[in-house]
2 protein chains.
Amino acid sequence: MTGIDEVARLAGVSTATVSRALSGNGPVSPATRDRVRSAADSLGYVVSSNASSLASGRTRNVGVVVPFLSRWFFSSIVEGAEAALARKGYDLTLYNLGGGEELRRSVFEHFLLRKRVDAVVAVALELTDDEVNRLLAIHKPIVGIGGPIPGVRTLTLDDLSVARLATEHLISLGHTRIAHVGGAVEFDLDFHLASTRRRGFERAMHEAGLPIRDDLYQPADFTINGGYAAGKQLLGRPYDRPTAIFAASDEMAIGCLLAARDLGLTVPHDVSVVGIDDHELSDFFGLTTVAQFPRQQGEMAVDVLMGELMPEPGGPAALTTELPYQLIVRSSTARPAE
Amino acid sequence: MTGIDEVARLAGVSTATVSRALSGNGPVSPATRDRVRSAADSLGYVVSSNASSLASGRTRNVGVVVPFLSRWFFSSIVEGAEAALARKGYDLTLYNLGGGEELRRSVFEHFLLRKRVDAVVAVALELTDDEVNRLLAIHKPIVGIGGPIPGVRTLTLDDLSVARLATEHLISLGHTRIAHVGGAVEFDLDFHLASTRRRGFERAMHEAGLPIRDDLYQPADFTINGGYAAGKQLLGRPYDRPTAIFAASDEMAIGCLLAARDLGLTVPHDVSVVGIDDHELSDFFGLTTVAQFPRQQGEMAVDVLMGELMPEPGGPAALTTELPYQLIVRSSTARPAE
DNA sequence: ATGAAAGCGCTAACAC
DNA sequence: GTGTTAGCGCTTTCAT
């Protein structure tokens, strides 16, 4: 366990100079910096992050809090954040809230407060005022992904516009009898994502002068399985079958695709399907979708965070940043058959 | 920022006693312990993990290193590990090696060495001697998941037996013309998983006196997409079509299922399909598979690690622990048609 | 059972 | 540009 003083001795300088040379903070002549660097290398010296953090108050570590992990969308965000942090020399400490209320409490009342992190990224979580204030009180910047949190810089997707875009794509193709597979209320926790998308759908229909029919709405649980059941329900009706389905997520949309196949319907001839996300499977299934880019979202969150940790000359960023999205047309949508 | 001395003052004891009372290390009378506890609570005191780590040498944090994150299998392992660690009051710091060789180097030469973690879990990574020694030199226990690493306690799946079991299931149903969709060589990095499974398949065939036909082997890339292409190839042949397919992963098996459908073949009437993993989609597709339990694997790894961090009376555990697996028969396999 | 005090290994004033 | 030194906030001997 080589320490800083061994490096100092080998390089023939003081520990302060070693610290400055290695961290880049403070003036060091190029010559001594090189000397220190090679001394450190030859000893295999790596700073103790604890000692460094204790002395400096900075940990070079950020906490990322997610509601789930083993779902493509969330793990992609984490992956993006991890990559961006690693590039900056930061570590990522992960907190998965999947374990329920009690776990969430302990994460916010203990884990995040023990000064292990410099900042936190909250993914798809509607933080309470209390949770936010606890962190802000100890000067930990927060950035949220997924919906506005009062007093917190957040990256949000304009779900209303995304849903409208998907629906308008169908309308522009000539569809009029369009069904919607939306998120069931019990999944409408974070930021009312499901209901916002539904509103976007309804607004597009309304603007096009098309009727919004309750019988063409099916709630599901955001899974392929749930989408399949909803699709069967919608497409199995003996008359007045919708010519198109807008599902509030790709996984549900893929479920609809499979339901259509099992009913002997051809996509997009008999029914068009559009989703949201650009899930990893969507390309395979030829699903038309409105892509959001979770990996990039994770990276963007880190960028925003870095801006907070090391404020730069330019004015402070806006409190809310809109996330990009993009319609990707594949083979699951077409004009309705005659 | 309440510190330990404020708590000490409020409780009317020394900081040493507060430390002992809160950490549980060292003798404290029940009465004072309660006094300290409530003082800490009322002040909202949480130890500074840095100061604590620096003084004690323990971080209460473990590093988890994975080759990918946004894949169900790996994120499930991480999820399991995170849950188990959280229960013990530990944090999990995540290192994703997806970024290539250089990233891997910096993780092992810097990130993991800066004393931020007490131990590391290496998932599906064939660590080099150098990587192992670096960590062992600073007394960081390692546990691996996924294959034996010399000198490291590892949890391994008996891939040979798993593949044999899957194949024997097909043989016992009466299949004789069985194809194998295996991992392509370029994906055979970690622990030769693909080739081991192929050997398990061949052994089962051999033991049953069945011929191993090269033309009934198709390599793929472990994705649904790749499995689909391989399935098409195998099932599209004009004669001598296999009556069953054993795929080395569920994702590839699902690809085969979809390929069969698209060819107008019925599963399991025209072709049986079996995979390995019990992927989250397998139940939906009715896929027969040999389940492994990634979430549990993550939890087990943590248990082993805890055993190393706080050695208990019982003798030391074995160096290699076999992971459980289980044949799950669903609707994708049946006797071959006449 | 409790307290006093010496560090843990660095960083950041401050002096030169 | 570099060295000296006083902490950062705890834990842990060693006394008592």
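Below, chains carry the letters A, B, ... as their sequence lines are ordered, and counting in each starts from 1. Heavy-atom basis, side chains included; hydrogens, waters and symmetry copies ignored.
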*Asks:* Does B/Arg33 reach a base, just sugar-phosphate, or nothing at all? Heavy atoms under 4.0 Å.
*Replies:* nothing
*Asks:* Would you say A/Lys140's side chain and A/Val117's backbone share a donor-acceptor pair under 3.5 angstrom?
*Replies:* yes
*Asks:* Tell me what B/Val18 touches on the nucleic acid: a base, only sugar-phosphate, or nothing, going by heavy atoms under 4.0 Å.
*Replies:*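 Counting heavy atoms under 4.0 Å across all strands, no contact is made by B/Val18.
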*Asks:* Counting N and O atoms only, with roles assigned by atom type, does the side chain of B/Ser53 sit under 3.5 Å from a partner on the main chain of B/Ser49, one being a donor and the other an acceptor?
*Replies:*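 Side chain of B/Ser53 to backbone of B/Ser49: a pair is present.
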*Asks:* Return the value, rounded to whole Å, for the distance between atom CG of B/Asn25 and atom P of D/dT13.
*Replies:*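 Between P of D/dT13 and CG of B/Asn25: 10 Å.
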*Asks:* For a quick test of reading the model, state the closest non-hydrogen atom pair linking A/Asn50 to B/Lys115 and the distance between them.
*Replies:*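 Shortest heavy-atom contact: ND2-O, 3.0 Å.
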*Asks:* For A/Phe108, does the six-membered ring have the charged nitrogen or CZ of A/Arg105 within the cation-pi criterion, i.e. under 6.0 angstrom from the centroid and within 45° of the normal?
*Replies:*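 Here A/Arg105 fails the 6.0 Å and 45° test against A/Phe108.
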*Asks:* If I take atom CZ in residue A/Arg114 and atom C1' in nucleotide D/dG9, what distance separates them, rounded to the nearest angstrom?
*Replies:* 16 Å
*Asks:* How long is the line joining CZ of B/Arg116 and P of C/dG9, in whole Å?
*Replies:* 17 Å
*Asks:* I need the CZ-C1' distance between B/Arg20 and D/dC14, as an integer number of Å.
*Replies:*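 Checked: the CZ to C1' distance equals 11 Å.
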*Asks:* Polar atom pairs between nucleotides 5-8 of chain D and protein, under 3.5 Å, N or O only, would you list them?
*Replies:*
residue : atom : partner : partner atom : Å
D/dC8   : O2   : A/Ala55 : N            : 3.2

*Asks:* Starting from P on C/dC10, measure out to NZ on A/Lys115 and report it in whole angstrom.
*Replies:*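 Checked: the NZ to P distance equals 20 Å.
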*Asks:* Shortest non-hydrogen contact from B/Phe68 to B/Phe74?
*Replies:*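 The pair with the smallest heavy-atom distance is O-CB, 3.4 Å.
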*Asks:* Nearest whole Å is fine: how far is C/dC8 C1' from B/Asn50 CG?
*Replies:*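 Whole-Å distance recorded here is 12 Å.
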*Asks:* Under 4.0 angstrom, heavy atoms only, what part of the nucleic acid is B/Arg58 near: base, sugar-phosphate, or nothing?
*Replies:*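 Here B/Arg58 touches the backbone only, sparing every base.
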*Asks:* Answer with base, sugar-phosphate or nothing: what part of the nucleic acid does A/Thr32 contact at a heavy-atom distance below 4.0 Å?
*Replies:* sugar-phosphate
